[in-house]
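Everything below concerns the one structure shown next.
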Amino acid sequence: MLEGIEFVNKEFFWLLLVLPLVVLWYILKNKKQTAELKISSLKGFKVTSSWLPKLRHLLFGLRLLALALIIMALARPQSVDVSTKTKTTRGIDIVMAIDVSASMLAKDLSPNRLEALKKVASEFIKGRPNDRIGLVEYAGESYTKTPITSDKSIVLRSLKSIKYNNIIEGGTAIGMGLATSVNRLKDSKASSKVIILLTDGVNNSGFIDPKIASELAVEYGIKTYTIGLGTNGMALSPVAILPNGNFQYGRIQVEIDEELLKEIAEVTGGKYFRATNNKKLEEIYEEINKLEKTEIEEFKYYNYEEKFRPLVILAGLLLLMELLLRYTVFRSFI
């Protein structure tokens with residue numbers, strides 16, 4: 001196959017094996033037809049040399065080239081232009097609910113839980129080009145950071161800007177975070193609606209019970225994946241704020257309400273995950289990415305253009321040229 005050209009009837013290329021036999025036949029025939037005159041001396045003869053008789057083999061070359069072109073034409077060359085059109089048939093709306101409490105600055109993940117999450121979540125967002133994604137922040141209360149949108153640049157910028165601040169009330173209001181996420185998705189027309197809720201603690205704030213928020217998610221057909229973030233055992237976490245505004249760190253016990261997170265996931269048809277290190281967190285988002293696939297239809301259009309006609313025309317011109325030269329210029333030598 002030439003670049004951009006394919007041959008439909010490739011079996012005709014076997015005929016090219018005939019060409020060497022034709023050349024051999026021509027050489028043998030030419031030797032038999034050439035007369036030889038042996039004389040002892042050329043003295044007394046006026047010898048003139050002409051290049052024209054030597055060019056008579058050009059006629060055979062033209063005929064041989066024409067035959068090769070005809071064989072190529074029989075192989076039926078075509079150019080194929082392929083155009084592809086994709087159509088998203090099953091879009092997914094996703095809200096990522098992110099815990100931004102002070103404990104997310106714990107250093108059991110590198111460089112800390114929040115920064116590790118932002119890095120992994122960023123790759124997850126980039127890998128969902130056909131879905132709409134929104135962000136919700138929560139600690140002791142919750143609010144929408146970014147409404148669901150198909151503009152990934154907006155979502156990525158918002159994700160990058162997420163950081164701990166003491167403006168949001170302290171604590172971990174899982175029910176509030178989940179309820180705000182449900183509120184963002186309840187009017188969505190997408191065929192699949194998903195919440196990815198991540199926390200590193202227990203529900204100890206807010207005025208909405210996580211179980212009630214779960215029931216709301218079920219009512220609106222929203223699946224929830226929950227992630228408990230934090231190592232097993234002790235972690236270097238913020239324990240106080242120093243006079244200069246920096247955190248003082250100390251080793252404290254990691255407490256995650258896994259039973260609650262498992263219940264939320266089970267009731268809503270999702271799944272619970274535990275991320276104890278950076279690698280595990282990456283694997284969790286990769287698994288969610290595989291579980292929630294957007295269905296895409298791909299249509300391919302093929303435009304075929306026959307290319308044998310120029311070969312036939314060129315072969316005909318070569319044969320015509322061979323005939324004209326044979327009965328004009330080379331008439332006396334054949």
Side-chain angles (χ1 to χ4, degrees), residues 94-110 112-121 124 135-142 162 164 168-182 193-218 222-239 250-292:
I94 302 171
V95 169
M96 303 174 73
I98 301 172
D99 187 344
V100 292
S101 58
S103 58
M104 284 292 287
L105 300 179
K107 298 179 186 260
D108 48 350
L109 274 74
S110 178
N112 59 49
R113 294 172 184 173
L114 185 57
E115 291 304 316
L117 166 66
K118 286 164 63 175
K119 180 182 177 182
V120 174
F124 177 83
L135 300 176
V136 166
E137 288 186 17
Y138 73 94
E141 54 187 344
S142 66
I162 291 178
Y164 167 78
I168 301 178
E169 183 182 336
T172 303
I174 295 175
M176 296 283 289
L178 181 56
T180 302
S181 302
V182 170
K193 296 175 281 190
V194 172
I195 294 171
I196 303 175
L197 185 142
L198 179 141
T199 184
D200 66 345
V202 297
N203 185 69
N204 55 21
S205 300
F207 55 85
I208 298 180
D209 190 298
K211 295 182 180 180
I212 294 176
S214 300
E215 292 172 3
L216 288 172
V218 173
I222 302 170
K223 187 186 299 182
T224 304
Y225 292 99
T226 55
I227 302 174
L229 183 61
T231 188
N232 294 312
M234 309 290 286
L236 193 62
S237 306
V239 293
R251 301 193 68 82
I252 62 174
Q253 183 70 36
V254 176
E255 293 183 4
I256 298 174
D257 194 342
E258 292 193 283
E259 289 305 314
L260 174 62
L261 296 179
K262 288 177 182 177
E263 184 179 350
I264 292 172
E266 183 179 352
V267 167
T268 60
K271 190 174 180 180
Y272 168 70
F273 302 92
R274 177 68 185 271
T276 54
N277 53 52
N278 292 62
K279 182 174 177 55
K280 185 62 177 176
L281 183 62
E282 291 175 8
E283 292 173 352
I284 288 168
Y285 273 88
E286 286 173 5
E287 183 172 347
I288 295 174
N289 194 35
K290 293 175 183 177
L291 289 171
E292 295 297 330

**Study point:** Working for side-chain contact (heavy atoms from CB on, under 4.5 Å), residues Leu117 and Ile227
**Key:** CA-CA 11 Å; Leu117 166 66; Ile227 302 174; over 6 Å; no
Practice item. Dump the intermediate steps for side-chain contact (heavy atoms from CB on, under 4.5 Å) on Leu198 and Leu281, then the final yes or no. Key: CA-CA 11 Å; Leu198 179 141; Leu281 183 62; 4.2 Å; yes
Exercise for review: May I have the step-by-step check of side-chain contact (heavy atoms from CB on, under 4.5 Å) for Ile222 and Thr268, ending in yes or no?
Suggested key: CA-CA 7 Å; Ile222 302 170; Thr268 60; over 6 Å; no
Exercise for review: Evaluate side-chain contact (heavy atoms from CB on, under 4.5 Å) for Tyr138 paired with Ile98, printing each intermediate quantity in order.
Suggested key: CA-CA 6 Å; Tyr138 73 94; Ile98 301 172; 5.7 Å; no
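Contact record, Glu141 with Ala173: N-CB, 4.4 Å, taken as the closest heavy-atom pair. Heavy atoms only, all atoms of each residue included: Ile208 and Ala213 are closest at CG2-CB, 4.3 Å. In terms of heavy atoms, Asp209 sits closest to Lys211 at OD1-N, 2.7 Å.
Taking Phe273 as the reference, nothing meets the ring pair (Phe, Tyr, Trp, His ring centres under 6.0 Å) condition, with sequence neighbours excluded.
For residues 277-287, the set of pairs meeting the side chain to side chain donor-acceptor pair (under 3.5 Å) definition, not counting sequence neighbours, comprises Lys271-Glu287. The salt bridge (Lys or Arg N to Asp or Glu O under 4.0 Å) analysis of residues 253-262, with sequence neighbours excluded, yields the pairs Glu258-Arg274.
Residues Asp200 and Ser103 bring a donor and an acceptor atom of their side chains to less than 3.5 Å of each other.
Remark: the backbone N or O of Leu261 is paired with a side-chain donor or acceptor of Thr226 at under 3.5 angstrom.
For Lys118, the NZ atom counts as densely surrounded, since its 6.0 Å shell holds more than 12 non-hydrogen atoms of other residues, nucleotides or ligands.
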